[in-house]
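Computed from a predicted model, the values in this text were never measured in an experiment.
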Amino acid sequence: MAPSKVLTGARVVLPTGTVDDGRVIVDGTRIAATAPPNAEVVDVSGHWVVPGFVDIHNHGGGGASFTGGTAEDVLKGVETHRRHGTTTVVASAVTGDLDFLARHAGMLAELAQQGDIVGIHFEGPFISPCRKGAHDEQLLRDPDPAEVRKLVDAAHGHAKMMTLATELPGGLDSVRLLVEHGVIAAVGHTDATYEQTVRAIDAGATVATHLFNAMPPVGHRAPGPITALLEDERITVELINDGTHLHPAALQLAFHHAGAGRVAFITDAMDAAGFGDGRYLLGPLEVEVADGVARLVEGGSIAGSTLTLDRAFKRAVTVDGLPVGDVVAAISANPARLLGLDDRIGSLEPGKDADLVVLDEAFDLVGVMRRGAWVVDPQLG
């Protein structure tokens with residue numbers, strides 16, 4: 001059990017707003033309303049304290065892969081992202097052979113059972129070859145509900161989300177199946193029309209996988225999926241705020257139309273996140289990372305990102321000019337609610353897990369706490 005602590009002097013971002021010269025009380029693994037006797041006082045004056053980040057779309061980091069690596073690889077990637085403020089992570093798979101994906105899901109499910117990750121996101125293989133991005137076209141398939149069910153079952157209750165091109169044969173029935181099993185149906189890597197996307201939302205889809213990327217652009221006669229996803233209050237839109245995937249104006253457009261309550265910042269990170277340039281594999285495909293941008297060796301498509309959520313946070317405030325409270329919603333509260341975990345994580349409230357991030361005045365990360373224990377101690381640098 002971690003010792004009790006009282007963090008004092010910071011600007012604390014709460015669901016009700018920012019408290020100057022605030023304090024956060026940590027008793028064991030939880031946030032508390034009152035300080036226990038002899039609690040350690042940690043002075044974080046001049047800093048921000050925000051909830052731990054929640055990443056619902058992440059393929060790896062630290063040189064390790066969630067998509068095909070061992071359990072040790074996954075843990076290495078998770079630890080890398082924790083050191084960048086992501087205290088809760090969903091491990092995302094990419095398109096692969098169905099039997100391999102089922103076996104890999106079983107391994108990831110064990111890590112979810114242990115609490116190292118909170119679940120699994122299947123990004124593919126049920127996506128459009130027209131919008132495949134960094135997915136192996138030879139392994140793509142239409143979303144057969146029986147095969148969708150096979151992957152969900154292989155995750156042993158830990159499947160959190162599946163990305164589908166819902167316009168493909170079997171797409172709408174697969175959305176309905178996912179909803180019946182408590183799995184988020186996400187529209188992505190899609191060539192759908194506006195009308196087809198509306199039907200997917202009506203069938204139960206609730207997430208737009210990395211909005212704008214791997215889908216048709218907005219047209220004045222063919223508004224496409226982006227318009228349908230932005231305008232519907234039932235949809236949470238994922239955004240990759242790395243300066244490569246989105247122009248700042250596109251990010252502003254999403255916030256304007258969806259509102260801060262319907263945006264979830266994600267990394268879509270691959271192995272190179274928190275690691276460096278070089279050659280990597282994303283599933284079966286080779287990726288070259290140069291100057292922090294990941295692209296397929298063959299074809300040059302963007303292949304995930306090297307983003308960490310602390311960088312996404314800083315960019316959102318200092319480059320995009322978003323209010324800190326809106327960024328906290330997009331990076332913590334909204335994804336926590338989407339996962340059905342907002343009773344435990346996503347905000348700094350008594351009774352919730354003591355997951356928090358300490359940022360300096362320039363919004364650089366200086367401290368990370370997960371369940372009451374420092375991952376990065378702000379007192380040690």
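- Of the charged side-chain nitrogens involved, at least one lies within less than 4.0 Å of a carboxylate oxygen, so that Asp353 and Arg30 count as a salt-bridged pair.
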Glu123 and His59: CA distance, side-chain angles, deciding distance, side chain to side chain donor-acceptor pair (under 3.5 Å) verdict: CA-CA 10 Å; Glu123 188 182 18; His59 298 283; 2.8 Å; yes
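- Classification of Asp364 and Lys314 as a salt-bridged pair holds, one side-chain N sitting under 4.0 Å from a carboxylate O.
- Thr190 and Glu167 form a side-chain donor-acceptor contact under 3.5 Å, judged by distance and modelled atom types alone.
- Side-chain contact between Phe313 and Val328: present, with at least one pair of heavy atoms (C-beta onward) separated by less than 4.5 Å.
- Using modelled atom types, one side-chain atom of Lys5 and one backbone atom of Gly372 make a donor-acceptor pair closer than 3.5 Å.
- The nearest pair of heavy atoms linking Ile31 to Glu349 is CB-O, 3.5 Å.
- Using a distance-only test at 3.5 Å, with no hydrogens or angles considered, no donor-acceptor pair links the side chain of Asp360 to the main chain of His47.
- Looking at Asp55 and Thr267, their side chains do bring a donor and an acceptor atom within 3.5 Å of each other.
- Dense packing is recorded around CG of Asp20, with more than 12 heavy atoms of other residues, nucleotides or ligands lying under 6.0 Å away.
- Remark: Arg234 engages Asp202 in a salt bridge, criterion side-chain N to carboxylate O under 4.0 Å.
- Judged by distance alone, with hydrogens and angles left aside, the side-chain atoms of Arg11 form no donor-acceptor pair with the main-chain N or O of Glu361 at under 3.5 Å.
- Within 6.0 Å of atom CD in Gln114, more than 12 heavy atoms from other residues, nucleotides or ligands are found, so the atom counts as buried in its surroundings.
- No donor-acceptor pair under 3.5 Å is formed between the side chain of His189 and the backbone N or O of Ser128.
- Ring pair His57/His121 is perpendicular by interplanar angle, where above 60° counts as perpendicular and below 30° as parallel.
- With Arg371 contributing its side chain and Thr29 its backbone, the two residues share no donor-acceptor pair below 3.5 Å.
- Arg295 contributes a side-chain N or O that, together with a main-chain N or O of Gly300, makes up a donor-acceptor pair within less than 3.5 Å.
- Side-chain atoms of Asp320 do not come within 3.5 Å of backbone N or O of Leu322 as any donor-acceptor pair.
- Under the 30°/60° scheme for interplanar angles, the aromatic rings of His81 and Phe66 are found to be tilted.
- Taking a cutoff of 4.0 Å between a charged side-chain nitrogen and a carboxylate oxygen, Arg370 and Asp355 do not qualify as a salt bridge.
- For Asp268 (side chain) and Asn58 (main-chain N/O), no donor-acceptor pair under 3.5 Å exists by modelled atom type.
- Asp173 has a carboxylate O that lies under 4.0 Å from a charged side-chain N of Arg176, or vice versa, which qualifies the two as a salt bridge.
- Contact annotation: the side chain of Trp48 never approaches that of Val357 to less than 4.5 Å [non-hydrogen atoms, C-beta and beyond].
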